[in-house]
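One structure is given here, and the rest of the page talks about it.
Here the structure is a predicted model, which means the values were calculated and not measured. Below, all heavy atoms of this structure are taken into account, side chains as well, without hydrogens, waters or symmetry copies.
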Amino acid sequence: MTALQHALLVEDSPTQALLTLAELEKLPGVTVEHAISLAAALEAIAKTRFDVVFLDLTLPDSVGDETVRRFCGAAPELAVVVLTNHDDDEQAIQALEQGAQDYMLKARIDAASLSRSLRYSIHRKRAEILVREARDEALEANRQLERRMRQIKCLYGVSRALESLELPLQVALADVVGLIPAAWLRPETIGVRLTCLNGLIPGGFVETAGFEETPWRLEAQVFAGSRPAGRIEICWPESRPAEGDEAFASSERELVRELARRVGQALERACVQKELVQLATTDFLTAAYNRRHFMQTAGAEIQRAGRYGRPMALLMLDLDFFKRVNDERGHAAGDEALKAFVILARDVLRDQDIIGRMGGEEFAIALPETTLEAGIIVADRLRNRLGQLDITVGGGAPLRLTTSVGVAECKVKDGEGLEACLSRADAALYRAKAQGRNRVEQAE
């Protein structure tokens, strides 16, 4: 060791201090300072950089193992050689366990032993620091690997849930919310909420039980294509779990963005699927069911009514003299009139009632759990409401329309099917038209 070494002797006995200092001063390339108490020693190392400290165990303000523990705790990077009057192996081991690098009996101190202990303790401290740094690096690498594995597992589970063809969107998103906390330590403390803005899930959001908004949070906006579709919020109840020096690592922020991206793709697929279903099942103009889907849905209802012996009524409606509207006011006005009628009908009908556009200005309505008498009441209510409705169209006076309605109760006990029941309702409709229109007729 050719570089200048700076040593600190902590010794309260003047006689012992003089003897030890005299021996230390014999060492080439070593400068020495002296402190007589633990407090003075701590003050000295705060002001000056030392390479090694020769520390007496018995000081005015500290004694025994406590002296080593306090000093090493305050100066973990310093090499420490403990000085004592007692040849006690147990005490030596305890001193080493508290952080010292070597142990010397005062009675055997000389320049040679001090030189050996100085070099040994400095080398040992440097080796300890290197080992500690290597250990910390390995722990950090393992921690980062574990974090990444949790993130990968989370993304894998989220992808499986979102890509499942068997799970409804509401269930898939609830699964996603349940999977996200596992990407972090102590998942039981993490709250997650996923908000959906496009009406694809009831209530508009799913969240973990007991979710609370807190300042400790990660969040990302969800886009379905280029359209804002929701938000992911991940909250910690009190403070960020300790996983590193940063509040949130860049990989964690990237994870949340990736989760938002995958959820956005699922919402985009769901939107496209919803639009395809609407195109396949609804009339493009009025948003009522198209003929094919009405027949499927009403057919299922009439089968259910037959199984359980429940009543079901069907209405066939035709807007009176509708051709005049198209001829006199134009097809755009006619389109507005058809849309206004469906909106009015939905306002009059129950949620479970089914309305379909059968073609042109002709509509059919299925009324589950409804007798013939109740169906006639509904038909008259529709007819009266429509007759009082002013339909605003571009330019000119508002339109007034009337409707003719045929009503039939399905003979479910006789096994009558949808086509047969509709045929009877249609026959009643034609009688209503033949008898002057703007009226309700019941089927035979």
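At least one donor-acceptor pair closer than 3.5 Å links the side chain of Asp61 to the backbone N or O of Leu38. Looking only at distances, no side-chain donor or acceptor of Arg69 sits under 3.5 Å from a matching main-chain atom of Cys72. Within the 3.5 Å criterion, the main-chain N or O of Glu444 finds a donor-acceptor partner in the side chain of Arg424. A distance-only check finds a donor-acceptor pair linking the side chain of Thr403 to the backbone of Asp318 [under 3.5 Å]. A donor-acceptor contact shorter than 3.5 Å links the side chain of Lys125 to the backbone of Pro76. Listed for the Asp56 side chain is no donor-acceptor partner under 3.5 Å among the backbone atoms of Leu59. Of the possible polar contacts, one joining the Arg292 side chain to the Ala280 backbone as a donor-acceptor pair under 3.5 Å is found. Proximity of a side-chain donor or acceptor of Arg231 to a complementary backbone N or O of Leu197 within less than 3.5 Å is not detected. Checked by atom type and distance alone, the side chain of Asp320 pairs as donor or acceptor with a backbone atom of Asn438 at under 3.5 Å.
Between Leu382 and Leu344 the shortest side-chain heavy-atom distance falls below 4.5 Å. In this structure the side chain of Gln278 reaches within 4.5 angstrom of the side chain of Thr282, judged on heavy atoms. A 4.5 Å side-chain heavy-atom check between Val52 and Ser117 finds every atom pair outside the cut-off.
Within a 6.0 Å radius of CD in Glu166, no more than 12 heavy atoms belonging to other residues, nucleotides or ligands are found. For Arg217, the CZ atom counts as densely surrounded, since its 6.0 Å shell holds more than 12 non-hydrogen atoms of other residues, nucleotides or ligands. Other residues, nucleotides and ligands place more than 12 heavy atoms under 6.0 Å from the CZ atom of Phe341.
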* Asked: Could you go step by step and tell me if Gln101 and Glu128 meet the side chain to side chain donor-acceptor pair (under 3.5 Å) rule?
  -> CA-CA 9 Å; Gln101 279 66 55; Glu128 288 176 1; 2.9 Å; yes
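Closest heavy-atom contact between Leu422 and Ala364: CD2-CB, 4.3 Å. Across Ala260 and Gln221, no two heavy atoms sit closer than the pair CB-O, 3.6 Å. The two residues Val405 and Ala379 have their closest heavy-atom pair at CG1-CB, 3.6 Å. Of all heavy-atom pairs between Leu169 and Ala270, the closest is CD2-CB, 3.8 Å. Ala443 and Arg431 make their closest contact through CA-NH2, 3.9 Å (heavy atoms, listed as atom of the first residue, atom of the second, distance). For the pair Leu367 and Gly375, the tightest heavy-atom approach, listed with the atom from each and the gap, is CD1-CA, 4.0 Å.
A donor-acceptor contact under 3.5 angstrom links the side chains of Gln151 and Arg148, judged on distance only. Judged by distance alone, the side chains of Arg437 and Thr402 never bring a donor and an acceptor atom under 3.5 Å apart.
Between Arg49 and Asp51 there is a salt bridge, with a side-chain nitrogen of the basic residue lying less than 4.0 Å from a carboxylate oxygen of the acidic one.
Residues forming a ring-ring contact (aromatic ring centres under 6.0 Å, His included) with Phe294 (at least two apart in sequence, or on another chain): none.
Note that the CD atom of Gln144 and the CD atom of Glu137 stand 12.5 Å from one another [nearest 0.5 Å]. With rounding to the nearest 0.5 Å, the separation of CD1 in Ile376 from CD in Glu409 is 9.5 Å. Note that CG of Leu338 and CG of Asp283 are 8.0 Å apart. Values are rounded to the nearest 0.5 Å. For the atom pair OG (Ser423) and CE (Met316), the distance works out to 9.5 Å, reported to the nearest 0.5 Å. Here the straight-line distance linking atom OG1 of Thr67 with atom CD of Gln98 works out to 10.0 Å at 0.5 Å rounding. We find the CD1-CG distance between Ile391 and Leu401 to be 4.0 Å, quoted to the nearest 0.5 Å.
Both tests hold for Arg324 against Phe321: distance to the six-membered ring centre under 6.0 Å, angle to the ring axis within 45°. In this structure, Lys433 is positioned above the aromatic face of Tyr430, its NZ or CZ under 6.0 Å from the six-membered ring centre and within 45° of the axis.
The only option from Thr195, Leu218, Thr214 that meets the side-chain contact (heavy atoms from CB on, under 4.5 Å) definition with Glu233 turns out to be Thr195.
Listed by first then second residue, pairs satisfying salt bridge (Lys or Arg N to Asp or Glu O under 4.0 Å) with a partner in residues 221-230 number zero, not counting sequence neighbours. For residues 194-214, the salt bridge (Lys or Arg N to Asp or Glu O under 4.0 Å) pairs, not counting sequence neighbours, are Arg193-Glu207, Arg193-Glu213.
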